[in-house]
Amino acid sequence: MSVVTRFAPSPTGYLHIGGARTALFNWLFARHHGGSFLLRIEDTDRKRSTPEAIQAILDGLKWLGLEWDAPPTYQSKRLERHAEVAYQLLADGNAYRCYATQDELEAMREQARKEGRPIKYDGRWRDRDPAEAPDDITPCIRIRMPQDGSTTLNDRVQGEVTVDNAQLDDMVILRQDGTPTYNLSVVVDDYDMGITDVIRGDDHLTNAFKQAKVYALLGWQAPAFAHIPLIHGPDGAKMSKRHGAVGVETYRDQGYLPEAMRNYLLRLGWGHGDLEIVSTEKAIELFDLDGVGKSAARFDFDKLDNFNGHYMRQADDTRLTDLVQERLEAELGRELTGDDRSRLLAGMDGLKQRAKTLRDLSESAQFYVQRPKQLTPKADKQLSDDARARLGKLAERLAEVSNWNQDLLESETRDFAEGLDLGLGKVAQPLRAALTGSTVSPGIFEVMEVLGRQETLARLRAAAEADDTGDTGTGDAD
RNA sequence: GUCCCCAUCGUCUAGUGGUUUAGGACACCGCUCUUUCAAGGCGGAGACCCGGGUUCGAAUCCCGGUGGGGACACCA
């Protein structure tokens with residue numbers, strides 16, 4: 001039988017990092033086995049589900065590159081089928097009507113808590129004669145769970161897990177208003193969708209026992225379960241939308257590449273020997289549930305940064321230029337010119353070697369599209385009066401260069417420094433400060449070449465003419 | 001409160017009874033390369049939660065403790 005997995009988020013918030021990883025694992029598992037990966041939106045909680053959240057989840061998955069293989073199933077459109085199954089259970093005697101009121105239920109729970117018993121429905125309508133039913137109360141339907149013995153689940157990640165059936169609740173499957181509840185809907189939908197492998201967060205492990213019973217009562221074959229450990233936040237607690245609203249789009253905005261995110265998420269909870277950098281193709285080839293660990297992992301931005309840096313260095317310059325252009329235009333509040341863009345593209349290779357995120361990248365790229373408005377304190381220090389004077393002389397000399405390329409510029413500059421009996425650094429750093437406004441940049445001769453003869457000389461002359469009073473000397477020259 | 005799960009460097013992990021002076025990655029600290037910063041190279045510091053067993057031998061198996069996490073709705 002061909003593998004079918006699904007990702008089934010409830011659209012009550014954005015796609016958070018744990019959900020993203022669950023989706024990734026399901027996707028990888030399906031791809032690895034040549035099966036399909038489906039999406040189901042669990043939007044039956046009408047009060048909390050929003051169209052914005054649905055869109056955010058779809059966008060998040062698309063951004064991550066996790067394409068689903070069929071149009072999404074919307075659970076809210078399947079209510080009738082769920083009810084039908086509930087009535088079937090009722091007809092078969094595997095469910096019953098319950099007339100308990102909310103107040104009664106609350107008192108029941110309170111009592112159980114006090115007596116140290118498991119908090120669950122006490123089954124007061126389980127075997128009661130329907131003739132006793134009060135006619136002023138609309139009943140809900142509860143499933144008849146086994147009371148004795150125990151249930152063992154063979155989870156593909158957690159291994160054998162056993163729970164006493166006494167812990168299992170005669171849960172509501174159809175509410176008073178006739179709508180189904182989660183544990184019924186999931187079973188019916190997974191079954192109807194032909195799901196073979198349910199891979200989801202650890203927090204659903206106890207639900208799996210209830211669901212296993214629903215399958216059994218229905219006489220349906222249950223899928224294989226795999227409950228993966230949750231991702232914890234820095235505080236060590238479950239990372240969820242409630243703990244700080246970290247939707248994947250936030251990571252995108254912070255400048256992470258989807259492939260880096262995928263790789264990082266993969267390594268969070270899954271290992272394969274000493275492998276760290278795993279391309280998506282390789283991940284599809286290698287991924288299996290055996291490699292998934294059993295303990296929760298904490299999210300670590302440093303490592304994500306490291307992966308992101310790796311994938312940025314690897315990334316195509318044109319793609320990065322597109323991404324950076326978008327950001328720069330937003331920051332600068334203007335469209336980039338053709339010249340701006342070709343400088344960015346020409347300088348991208350040098351730039352991307354040094355950045356960890358797209359945010360860093362566009363920040364460090366700024367000087368290619370506009371003269372530095374302000375010097376960093378360290379850069380300002382480089383531009384002493386002496387240094388400025390030297391830059392003026394250097395500018396005169398470079399103006400004579402026959403061919404404006406970095407090799408020639410370098411040898412000219414080295415010559416120049418030697419002539420003054422100075423180390424190259426003594427000239428290069430002020431040069432960097434004047435050209436980029438910073439003490440950190442790609443190789444300075446590369447910068448000169450990308451900037452071009454005219455712009456380089458203009459910036460140098462501006463620096464030479466300014467004094468050491470903190471004036472940037474690089475204001476709008478033209 | 002009841003039930004379930006987990007436990008190797010700060011973090012992510014490798015390790016499935018001896019091949020281990022416990023390996024790798026990130027972060028950290030040196031050195032190196034060097035026009036700056038990264039990247040790279042080399043080196044360093046850094047962990048098997050505790051206590052009992054089982055065994056000739058335990059990070060690996062068992063039990064207990066401790067710590068952490070999760071689940072206990074007419075939410076999903």
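Note on naming: letters A, B, ... go to the chains in the order of the sequence lines (proteins, then strands), and numbering restarts at 1 for each one.
Put simply, the side chain of A/Arg117 and the base of B/U2 share no donor and acceptor less than 3.5 Å apart. Evaluation of atom-type donor-acceptor distances gives a pair under 3.5 Å for the side chain of A/Asp274 against the base of B/G23.
Nucleotide B/C31 has B/G41 as its partner under the Watson-Crick or G-U criteria, with both atom distances under 3.5 Å. Pairing of B/C26, defined by two Watson-Crick or G-U wobble distances under 3.5 Å, is identified with B/G10.
At the phosphate of B/C74, OP1 or OP2 sits under 4.0 Å from a side-chain N or O atom of A/Arg142. Between B/A76 and A/Thr44, a contact under 4.0 Å exists linking OP1 or OP2 to a side-chain N or O. Put simply, A/Lys303 has no side-chain N or O that comes within less than 4.0 Å of OP1 or OP2 on B/C12. Within the 4.0 Å cut-off from OP1 or OP2 of B/G40, not a single side-chain nitrogen or oxygen of A/Arg354 is found. Put simply, A/Arg414 has a side-chain N or O that comes within less than 4.0 Å of OP1 or OP2 on B/U35.
Within 4.0 Å (heavy atoms only), A/Leu205 reaches sugar-phosphate atoms of the nucleic acid but no base atom.
Within 6.0 Å of atom CG in A/Asn154, more than 12 heavy atoms from other residues, nucleotides or ligands are found, so the atom counts as buried in its surroundings.
A/Tyr121 carries A/Arg142 over the face of its six-membered ring, with the cationic atom under 6.0 Å from the centre and within 45° of the normal.
Between the CG atom of A/Leu184 and the CG atom of A/Leu89 there is a distance of 7.0 Å, given to the nearest 0.5 Å.
The residues A/Arg78 and A/Asp189 are annotated as salt-bridged, a charged nitrogen and a carboxylate oxygen being separated by less than 4.0 angstrom.
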